[in-house]
Amino acid sequence: MVDLEAEITATPALNSPAMSIWKRATIPITLKFDDVVYKVNPSKRRKLSKFTQNRKSSEDMMTILKGLSGVVRPGEVLAMLGPSGSGKTTLLTALGSRLLTEGQLSGTITYNDKPFSNPIKRTTGFVPQLDVFFPHLTVSETLVFAALLRMPNTFERAEKIATAEEVISQLGLTKCKDSVVGGALLRGISGGERKRVSIGQELLINPSLLLLDEPTSGLDSTTAQKIVSAVAELAKTGRRTVLMSIHQPSSRLFYMFDKLMLLSEGNSLYFGKGSDVMDYFSGMGYAPSIAMNPSDFLLDLANGLPTDDRHDDEGAEQVKQRLVLAYKLNLSEKVKADILEVEEITNEYSTDQFHLDSSLEDKRWSTTWGQQFSVLFRRGLKERRHHNFSSLKIAQVLFISFLCGLLWWQSDISQIQDQSGLLFYMAVFWGFYPVTQAIFTFPPERKMLSKERASGMYNLSSYYIARSAGDLPMELLLPSAFVTITYWMAGLKPAATTFLLTLFFILLNVLVSQGLGLALGAVLMNTRSATAVAAVITMSFFLTAGFYVQNVPRFVSWIKYVSSSYHTYKLLLGTQYKKNEAYPCERSCGGGLGLCLIGDYPSIRKIGLDGQALSALALVLMLVIFRLIAYISLMKIGVTKD
Ligand SMILES: Nc1ncnc2c1ncn2[C@@H]1O[C@H](COP(=O)(O)OP(=O)(O)OP(=O)(O)O)[C@@H](O)[C@H]1O
């Protein structure tokens, strides 16, 4: 496997042909949206079945977007302004076709007069409000992996890497390119740098349509200015269509937008040229009484608080209603006419141009399954190198292995009770430890998975297999070390086949337990709840494994068959002992030592040494079922709410 850092260093510098790919959008897009209404059921939205949801009366639904219309052309930047909760993110998400299935969306949204499609998806960049990254990857690694996954195969691997390098330099990230991005628990790059990395990830695909949700929130005005002017420049020079939601732009930023949309409680109060907005409201009698930032004035208006004493007698609700009505009377027809006019103009792009460009063919993924797997596997190893090769984890397992070896030091068959205790302990320890590790696989990556799947970056199966395989070497290495140390120290049967079979069944048990942990993490997507449920399940498995209690009432005795610990324990006993083998025992009558058959040893007789193949089959079935449950649970991520 080629080392990524070496590869990055070896890539051609900025004069690579790859760097020109994002100078101009491949296909300029005219985005039109007309009468967009979005309703959600504010309560119980997750618990309702589709059937019940359909029966819900429309009064129960909350309308978040109330008939919004507009047009944004290539090279234009539309800023959506409005108070918190006015619907900016929802509209932006709807326009990026990333709304969740639980709401009801109506109206029309078209891209060059066509509905959303896979080629549009792959040429749409979406920068979410909250940046989502793998904290342990460096800036450079983050962008290179994104380039390898998102850029189509019409580009060579070296070109993809060169493009990532170019994005780094264009966005001024060279200084921090080798720093880890960081996260809640790990100090990394600054907020402004994170935002630029986030934008950079979207620039890699040379987007024709770029949607940015609050790209300046939390940044100082100079950094915000730099980011917005870079984006405006990209729109102009590359004929890109850019939409951004923005809370309260400074006056410097305000004048960079070509178009403005002012929202209030899901209603449009203004849609049109940024330069005309102040005239529009002053024409209605609303003008700032003092010199102020236009966006402050517009936000006051959207909140129903005119900064003008002529309207002191009007309540906030009255002001808002008046503005909504005025929009409907004065502007909505104009916007609709604009939409119609654009239809004719955009016909020039609306033919099958997307299909002419091989990079935009209507196939679902930009890269092959194998490439996705390889990149995701390498990315997973890099991100989790600290976790997987944690010396604490290794020390923990080594300590337990040696302790077991010492406690059972060179035991022999005369101590059959002790030996079966060790076999039981091996079954339960390796039925518990991997579960607790695997639970933490998917929940921390949920947001990332959701974001990347929504961008159509990769197939779920390539992610799933790469992710589970990434942890496997360590997951298998530790139990192998444990079995090797304990087995020989404890004096279990000194035969290579028996040792190898013992190791094989322990590893099978590890894979089953890992599957259980993956399934619990994926179903619950919450490590705390998953840990609580895992504790109950694994304890039930231990209790029913046949070591603690043998005389189980018939009506609950079936329970052992669903316990992976029972099957593993039985397989370990069957590997170690044969039914007809003798062990030294005390004679029942006459005293003294004699020989008894292992098959007659009370606890072994109860569990039985027959049916080994069935137990192995049961473990294999569990392995498949748990992993299927995990996979099916992950399928909903990216198409339902986070
Ligand atoms: N799925 C949902 N269920 C219930 N309410 C929702 C849902 N989605 C959005 N809302 C509500 O819709 C309104 C608009 O939300 P949105 O996030 O679009 O606002 P915003 O203008 O982007 O706000 P901010 O500037 O604070 O990010 C809010 O009141 C929000 O609580």
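Numbering of ligands and ligand atoms starts at 1, following listing order.
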May I ask you to list the atoms of ligand 1 that are less than 4.0 angstrom from any heavy atom of [X]?
X: Q129; answer: 27 (O)
X: H247; answer: 25 (O)
X: E214; answer: 25 (O)
X: M62; answer: 5 (N), 11 (C)

>> Tell me the nearest of L263, V40, I64 to atom 12 (O) of ligand 1, using heavy-atom distances.
In response: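 The nearest heavy atom belongs to I64.
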> Who's closest to atom 22 (O) of ligand 1 heavy-atom-wise, of L81, T63, D213, T89?
Replying inline: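 Shortest heavy-atom distance from atom 22 (O) of ligand 1: T89.
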>> Tell me whether K451 forms a cation-pi arrangement with F133, defined as NZ or CZ under 6.0 Å from the six-membered ring centre and within 45 degrees of its axis.
In response: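 Output yes; distance and angle both within limits.
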> Does any non-hydrogen side-chain atom of L91 lie less than 4.5 Å from one of F33?
Replying inline: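 Side-chain contact under 4.5 Å: yes.
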Should [X] be counted as touching ligand 1, given the test is an N or O pair under 3.5 Å?
X: S84; answer: yes
X: N41; answer: no
X: G87; answer: yes

> Could you give the distance from CZ (R122) to CE (M457), rounded to the nearest 0.5 Å?
Replying inline: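 The distance works out to 13.0 Å.
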> When rounded to the nearest 0.5 angstrom, what distance separates CG in L209 from OG1 in T124?
Replying inline: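 Separation between the atoms: 4.5 Å.
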> Should the heavy atoms of other residues, nucleotides or ligands under 6.0 Å from NZ of K226 be counted, would the total exceed 12?
Replying inline: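 No, the 6.0 Å shell around NZ holds no more than 12 heavy atoms from other groups.
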> Quick one: does G82 get within less than 4.0 Å of ligand 1, heavy atoms only?
Replying inline: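 No; G82 lies far enough from ligand 1 that no heavy-atom distance drops under 4.0 Å.
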> Of all the heavy atoms in P83, does at least one lie under 4.0 Å from an atom in ligand 1?
Replying inline: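 Yes; P83 lies near enough to ligand 1 that a heavy-atom distance drops under 4.0 Å.
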> Any side-chain donor-acceptor pair under 3.5 Å between Y286 and R322?
Replying inline: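 Judged by distance alone, the side chains do pair up.
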